[in-house]
Amino acid sequence: MDIRLTFVKFSRDELPVGTPVVGMVGGGQLARMTQETAIALGVQLRVLAEGPTVSAAQAVADAPVGDYKDAETVRRFAAECDVVTFDHEHVPTDLLRALEAENVKVFPGPDALVHAQDKAVMRSRLDSFDAPSPAHQVVSSAAEVADFAKRVGGFPIILKTTRGGYDGKGVWFVDGPDDEAIAVAFRSGVPILAEEKVDFVRELSAIVARSPHGQAVAYPIVESVQRDGICVEVTAPAPGLAAEQAAQAQQTALRIAGELGVVGILAVEMFEARDGRLLVNELAMRPHNTGHWSIDGAVTSQFENHLRAVLDLPLGSPAARAPYTVMVNVLGGDVEDMHRGLLHCMARDPGLKVHFYGKSVKPGRKVGHVTAYGDSLEETRERARHAAAYLTGTIDE
């Protein structure tokens with residue numbers, strides 16, 4: 001018997017009356033994790049995927065493959081959606097402005113999203129309303145790098161590409177005027193931003209959600225641990241953060257969301273400087289790695305509030321469900337079959353939550369995350385760290 005399997009794409013007429021259709025550009029794990037919420041809310045999620053086997057395409061039936069930089073491809077995709085949003089920030093700004101001119105709802109809009117796409121634009125705009133930031137300057141030569149370093153008290157400093165950098169890529173630590181990293185940075189072909197190297201105690205993240213009519217909610221401030229430019233662990237709430245500082249961080253993020261007109265999730269990554277200042281490091285206008293804890297640890301996950309926001313529905317409570325939630329990213333290592341570790345992890349810890357992204361294992365690649373929550377920070381952190389280590393084969397008991 002010849003049995004053929006076919007994925008069926010439903011037309012609007014075949015969907016229940018009133019079903020909203022949300023298009024998400026990008027087929028990564030963020031789109032994949034958005035699908036769970038979309039199913040619960042009865043939202044039809046479409047994904048413009050980079051390939052037929054990418055993370056979200058495995059979970060979303062309606063996932064046409066196309067180039068997000070091609071105007072006609074994105075236009076055809078958007079034509080079947082009530083609103084368009086993003087798994088990443090890389091869609092060209094001019095393309096999004098063209099969609100808006102054709103009355104396509106794009107959230108966040110291009111005038112907001114550009115601040116997550118271009119670090120120089122972001123810094124200039126944040127300066128305009130005195131958002132706390134490290135000292136910075138766009139530089140175009142080694143001489144300007146040296147002048148900037150002198151202005152901020154000397155080397156070391158940081159150089160960043162203004163566009164395209166992520167997970168530590170496009171970032172260079174410069175120790176002196178003759179550091180080879182300066183030449184490497186300028187060979188990138190992208191304008192370069194110089195920033196002071198902040199003496200910080202730790203990195204924090206403030207995540208807020210904002211709707212088109214201005215309703216906004218703020219999640220607890222979290223502590224994130226970075227290794228080689230990649231987030232490896234998140235603790236909610238940030239341990240030992242004074243209530244006044246937590247409120248300040250939330251207020252800063254809410255103000256940025258309002259000033260920039262963000263719709264959806266905004267993640268504001270911050271430095272807690274050794275002198276007590278909270279300084280804005282990066283912006284992301286989409287669900288963010290530092291908010292993955294909210295799937296299991298918050299009343300309303302960042303993914304649900306992102307969908308609620310872009311559909312202009314009332315936002316859900318961002319409150320934590322437990323005193324502490326710890327999320328640890330599962331990064332690729334030597335073990336290809338991570339599912340073989342589920343038996344041990346789940347038997348050892350019935351309260352553990354595991355999320356895999358449908359990705360093949362490559363060293364350092366984010367292939368999933370684990371989440372634990374509880375009353376004790378130490379115990380909760382140990383549970384999450386143990387599970388991630390066992391899944392990757394770092395430990396075997």
Side-chain angles (χ1 to χ4, degrees), residues 69 88-95 97 110-205 224-231 252 255-256 259-260 266-285 364:
K69 297 185 294 296
H88 58 70
E89 291 101 344
H90 305 312
V91 182
T93 309
D94 290 345
L95 197 165
R97 289 201 173 103
D111 290 339
L113 191 62
V114 68
H115 298 92
Q117 296 172 323
D118 191 309
K119 295 180 179 64
V121 172
M122 174 194 75
R123 287 298 182 206
S124 177
R125 185 71 177 92
L126 294 183
D127 286 349
S128 73
F129 55 90
D130 297 322
S133 302
H136 54 272
Q137 177 185 323
V138 175
V139 292
S140 58
S141 67
E144 288 186 357
V145 171
D147 288 344
F148 172 78
K150 183 177 180 180
R151 178 164 72 85
V152 298
F155 291 96
I157 63 166
I158 309 295
L159 296 181
K160 298 179 177 180
T161 55
T162 53
R163 283 181 174 261
Y166 68 97
D167 281 353
K169 299 178 178 65
V171 178
W172 297 270
F173 294 85
V174 179
D175 291 322
D178 299 321
D179 195 319
E180 185 181 354
I182 298 175
V184 173
F186 285 122
R187 284 200 298 269
S188 68
V190 179
I192 297 298
L193 181 71
E195 293 186 351
E196 68 169 304
K197 187 176 185 299
V198 177
D199 182 17
F200 63 90
V201 177
R202 57 179 170 176
E203 296 185 61
L204 304 172
S205 180
S224 67
V225 177
Q226 314 287 322
R227 188 176 303 137
D228 298 325
I230 299 175
C231 176
T252 295
R255 184 181 181 198
I256 291 172
E259 291 280 356
L260 302 186
L266 169 69
V268 181
E269 296 181 86
M270 299 180 176
F271 295 122
E272 182 185 355
R274 203 166 298 279
D275 60 12
R277 293 177 299 161
L278 298 179
L279 303 174
V280 176
N281 180 27
E282 305 270 359
L283 301 181
M285 296 181 191

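Computed over heavy atoms, backbone and side chain alike; hydrogens, waters and symmetry mates excluded.
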Within the distance-only criterion (no hydrogens, no angle test), does the side chain of Arg255 pair as donor or acceptor with the backbone N or O of Phe129 below 3.5 angstrom?
yes
Main chain of Ala185, side chain of Ser188: is a donor-acceptor contact present, judged purely on distance under 3.5 Å?
yes
What distance separates Phe173 CZ from Phe155 CZ, expressed to the nearest 0.5 Å?
14.5 Å
In Å, rounded to the nearest 0.5 Å, how long is the span from CE of Met122 to CG of Leu260?
10.0 Å
So, do Pro132 and Arg277 sit near enough that their side-chain heavy atoms are less than 4.5 Å apart?
no
Using the side-chain contact (heavy atoms from CB on, under 4.5 Å) rule, pick out the option among Ile182, Leu193, Asp179 that qualifies with Leu159.
Ile182
Glu259 and Arg125 ion-paired at < 4.0 Å:
yes
Give the minimum heavy-atom separation between Arg163 and Gln117, together with the two atoms involved.
CG-O, 3.2 Å
Going through the distances and angles, do Lys119 and Glu195 end up as a salt bridge (charged side-chain N to carboxylate O under 4.0 Å, His left out)?
CA-CA 11 Å; Lys119 295 180 179 64; Glu195 293 186 351; over 6 Å; no
Please check if the side chain of Thr162 supplies one atom and the backbone of Pro191 the other of a donor-acceptor pair under 3.5 Å.
yes
Please report the closest heavy-atom contact between Gly364 and Ile230, naming both atoms and the distance.
O-CD1, 3.7 Å
Minimum-distance pair of heavy atoms, taken over all atoms of Cys231 and Gln226:
N-OE1, 3.2 Å
Hey, does the side chain of Glu269 reach the backbone of Leu204 with a donor-acceptor pair shorter than 3.5 angstrom?
no
Pair Lys160 + Glu282: basic N to acidic O under 4.0 Å:
yes
With a 4.5 Å heavy-atom cut-off, do Asn281 and Met270 have their side chains touching?
no
Check the side chains of Ser205 and Glu203 for a donor-acceptor pair under 3.5 angstrom, ignoring hydrogens and angles.
no
Can you name the residues that form a side-chain contact (heavy atoms from CB on, under 4.5 Å) with Val152, not counting sequence neighbours?
Ala135, Phe148, Ile157, Glu196
So does Arg151 have more than 12 non-hydrogen atoms from other groups sitting under 6.0 Å from CZ?
yes
Identify the two heavy atoms, one from Glu89 and one from Ala116, that lie closest to each other, and give their separation to 0.1 Å.
CG-CB, 3.8 Å
Can you tell me how far the CG atom of Leu95 sits from the NZ atom of Lys69, to the nearest 0.5 Å?
11.0 Å
Between His115 (side chain) and Leu113 (backbone), is there a donor-acceptor pair under 3.5 Å?
no
The salt bridge (Lys or Arg N to Asp or Glu O under 4.0 Å) partners of Asp130 (sequence neighbours excluded) come to none
